Visitor: 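I have a structure I would like to understand better, so I am pasting it below and will then ask my questions one at a time.
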Number of protein chains: 2
Amino acid sequence: MDAMLDTEVKETSATHGAYRKLREMILTGELPPGQKLKIEQLRGLLDTGASPVREALSLLTSDMLVERIDQRGFKAAPVSKCNFEEILMLRCNLEETALRTSIANASSAWEDRLVLRHHHMKKAGQKGAHDFEDAHKAFHMALLDNARLPLLLRYCSQLYDLNIRYRYLAAGGSSYKKRDINAEHQEILDAALDRDAESATRHLIDHYRRTGEYLSSQMES
Amino acid sequence: MDAMLDTEVKETSATHGAYRKLREMILTGELPPGQKLKIEQLRGLLDTGASPVREALSLLTSDMLVERIDQRGFKAAPVSKCNFEEILMLRCNLEETALRTSIANASSAWEDRLVLRHHHMKKAGQKGAHDFEDAHKAFHMALLDNARLPLLLRYCSQLYDLNIRYRYLAAGGSSYKKRDINAEHQEILDAALDRDAESATRHLIDHYRRTGEYLSSQMES
DNA sequence: GTCTCCAAAAATATCGATATTATTTGACTT
DNA sequence: AAGTCAAATAATATCGATATTTTTGGAGAC
């Protein structure tokens, strides 16, 4: 009934706000891996009460960005090369399944959505890096969401976030321009629009593996 | 101060207790799918304060057993045939990966663990159903945990739980004895001990598919 | 000099109460 | 009679304070 254009659904609760901010800080490395997260300290940083902070930390636990030690508070999830490689492996596995299913369900509405997301991503690529981050994720998720498998999509989204955390940690988020990412995205998009599952999944996985190798090499230093 | 009779290190926090109890109630269907979960009502049921209940619900959200509607509280996750089929599909995919990797890392220590878990499961099968539930999960997780992939293992564990929920909902947890489950487990165990990845994964997936078909048929009624 | 044990300090977990926000009820208008 | 708006009600979200628990720091013993 309400004519609410979903441009902005007021998601304003202290908890949600704290969640978003903390998540950002962990993903970008502002809160470094392994760091103890004391309620009192965060309460000051986020300018809110202890309950929202506590609940936000609880939510971040599900995203595997925060670890909870019973009776001993929270800490930012640690990182390791093993963990990174597991994330990469799982992404390749799960996103392949999702993309194949998405393509099997292909429709012109989905194709339109893809083209749009891709366009927005390219546009954002010329402007602020922060906009690009969101648009990039939106494009990748759009590739997968036509599978209509909510659990799978959720896992992919989680793993995507865990991965960009490593990107920030390794290269301060500037690892994009080192390679011709645009061409890779174009190839994936074209293959998806052709409904060519083989080609699309191959390009997608290559895309991830390449970034994976790059980050792995960065992690040595 | 208090003379606790429990031999083990008591994982006693109000939150953890509430979490365990609520989880149990949702898995067994005591709290039916889709039901609104009001803090006040649960506070009475669990005999604890509002904060632990709230936090337990938050934790259950990560297990996808509870849904949170921003500013509008919590409800038990709904069920659907679609959801069930997605769970089955993901389990087959992820557990195959995990089992193959486990077998690739096979060691005699792992084999010992497997044999033990299997034995315990068989023993528990003759006694209370509740004991069997835990032992059954422990056996299945032992098959996978030698992969040493914590994220993957976590997903498998989550999906396992979501699946047993459907089992309870469909058949009140008594669906075991309808088929010769023991033989199926024995086949999986033997193949794993032979380090025969092909055979082990085939039997494991057959095991799941068969239970899946059985439950699917039950869900019609 | 190192270890152990106890007291002090800090941090977390929990509670009770209040402020916000959604939902329902019921009267009033059309 | 149906729809709409506003007050009443119920539930959630948040706060401030207290009770546990863990960690720290130091004094005494070996």
Side-chain angles (χ1 to χ4, degrees), chain A residues 1-4 6 8-23 25-26 31-32 34-63 65-78, chain B residues 1-23 25-26 31-62 65-78:
Chain A
M1 262 319 177
D2 50 348
M4 186 168 283
D6 67 356
E8 222 166 334
V9 187
K10 269 185 132 185
E11 279 270 17
T12 175
S13 72
T15 296
H16 198 79
Y19 170 74
R20 299 268 300 181
K21 216 176 232 169
L22 278 176
R23 176 196 163 91
M25 291 206 285
I26 292 172
L31 289 173
Q35 172 156 322
K36 184 96 210 300
L37 301 174
K38 303 184 191 178
I39 308 275
E40 199 54 29
Q41 159 201 329
L42 297 176
R43 212 191 61 76
L45 249 161
L46 301 171
D47 188 40
T48 183
S51 307
V53 170
R54 205 179 163 65
E55 195 148 339
L57 288 170
S58 225
L59 291 175
L60 287 164
T61 300
S62 8
D63 300 338
L65 289 169
V66 163
E67 277 187 9
R68 170 184 201 146
I69 316 130
D70 201 72
Q71 225 82 352
R72 225 164 299 179
F74 302 86
K75 71 172 182 182
Chain B
M1 221 39 168
D2 47 352
M4 40 191 54
L5 312 171
D6 220 324
T7 51
E8 293 181 32
V9 185
K10 258 204 154 180
E11 275 266 20
T12 178
S13 70
T15 296
H16 197 80
Y19 170 75
R20 300 268 301 180
K21 214 175 237 173
L22 277 177
R23 176 197 164 90
M25 290 206 286
I26 292 172
L31 289 173
Q35 173 156 322
K36 185 93 209 299
L37 301 174
K38 304 184 190 176
I39 309 275
E40 198 54 28
Q41 159 201 329
L42 296 176
R43 210 191 63 75
L45 249 161
L46 302 170
D47 188 40
T48 183
S51 306
V53 171
R54 206 179 162 66
E55 196 148 338
L57 288 171
S58 226
L59 291 175
L60 287 165
T61 300
S62 9
L65 288 170
V66 163
E67 277 186 8
R68 170 183 201 147
I69 316 132
D70 200 73
Q71 224 79 352
R72 223 164 302 177
F74 302 86
K75 70 172 183 182

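These numbers were taken from a predicted model, which means no experiment stands behind them. Just so we're on the same page: letters track the sequence lines, and every chain starts at 1.
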Visitor: Mind listing the closest non-hydrogen atom pair of A:Phe74 and A:Lys36 along with its distance?
Guide: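 The pair with the smallest heavy-atom distance is O-CE, 3.7 Å.
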Visitor: Minimum heavy-atom separation for A:Ser58 to B:Leu59, with atom names?
Guide: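 Residues A:Ser58 and B:Leu59, closest heavy atoms: OG-CD2, 3.8 Å.
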Visitor: For B:Leu57, report the nucleic acid contact type (base, sugar-phosphate, nothing); a contact means any heavy atom under 4.0 Å.
Guide: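 The answer is nothing, as B:Leu57 stays clear of every strand by at least 4.0 Å.
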Visitor: Minimum heavy-atom separation for B:Lys21 to B:Leu46, with atom names?
Guide: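 Closest heavy-atom pair between B:Lys21 and B:Leu46: CD-CD2, 3.4 Å.
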Visitor: What pair of heavy atoms forms the shortest contact from B:Arg43 to B:Thr48, and how long is it?
Guide: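 Heavy atoms of B:Arg43 and B:Thr48 come nearest at CG-O, 2.7 Å.
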Visitor: Taking NE2 from B:His16 and P from D:dT21, how many angstroms apart are they, rounded to a whole number?
Guide: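 For the pair B:His16 NE2 and D:dT21 P, the rounded distance is 16 Å.
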Visitor: What is the distance from atom CG of A:Leu57 to atom CD1 of A:Ile26, rounded to the nearest 0.5 Å?
Guide: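 That separation rounds to 7.5 Å.
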Visitor: Quantified as the angle between the terminal helix axes (five pairs each), what is the overall bend of the helix from C:dG1-D:dC30 to C:dT30-D:dA1 to 10 degrees?
Guide: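 One end's axis against the other's: 10°.
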Visitor: If you measure from CD on A:Glu55 to OG1 on A:Thr15, what distance do you get to the nearest 0.5 Å?
Guide: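 It comes to 4.5 Å.
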Visitor: Can you find a side chain N or O atom of B:Arg72 that sits less than 4.0 Å from OP1 or OP2 on D:dT12?
Guide: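 For D:dT12, neither OP1 nor OP2 has a side-chain N or O of B:Arg72 closer than 4.0 Å.
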Visitor: Tell me whether the side-chain N/O atoms of B:Lys36 come closer than 4.0 Å to OP1 or OP2 in D:dT12.
Guide: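 So the side-chain polar atoms of B:Lys36 do come within 4.0 Å of the phosphate oxygens OP1 or OP2 of D:dT12, strictly under.
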Visitor: Give me the atom names and distance for the closest heavy-atom approach of A:Leu60 to A:Arg23.
Guide: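 Closest pair (atom of A:Leu60, atom of A:Arg23, distance): CD2-CB, 3.8 Å.
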Visitor: On DNA chain C, reading 5' to 3', which nucleotide is the first and which the last to sit with an atom under 4.0 Å from a heavy atom of chain A, could you check?
Guide: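 First-to-last contact on DNA chain C, by the 4.0 Å heavy-atom rule, is C:dA11 to C:dT14.
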Visitor: Whole Å only: how far is the CD1 atom of B:Ile69 from the P atom of D:dA11?
Guide: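 So the CD1-P distance, B:Ile69 to D:dA11, works out to 14 Å.
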Visitor: For B:Leu37 and D:dA10, give me the distance from atom CG to atom P, rounded to whole Å.
Guide: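 Rounded to the whole Å, the gap is 20 Å.
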Visitor: Taking all heavy atoms of B:Ala76 and all of B:Pro32, pick out the closest pair and write down the distance.
Guide: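 Shortest heavy-atom contact: CB-O, 3.5 Å.
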Visitor: Closest-nucleotide mapping onto DNA chain D: is A:Asp47 or A:Gln71 further toward the 5' terminus? I mean the 5' end.
Guide: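 Residue closer to the 5' terminus by nearest nucleotide: A:Asp47.
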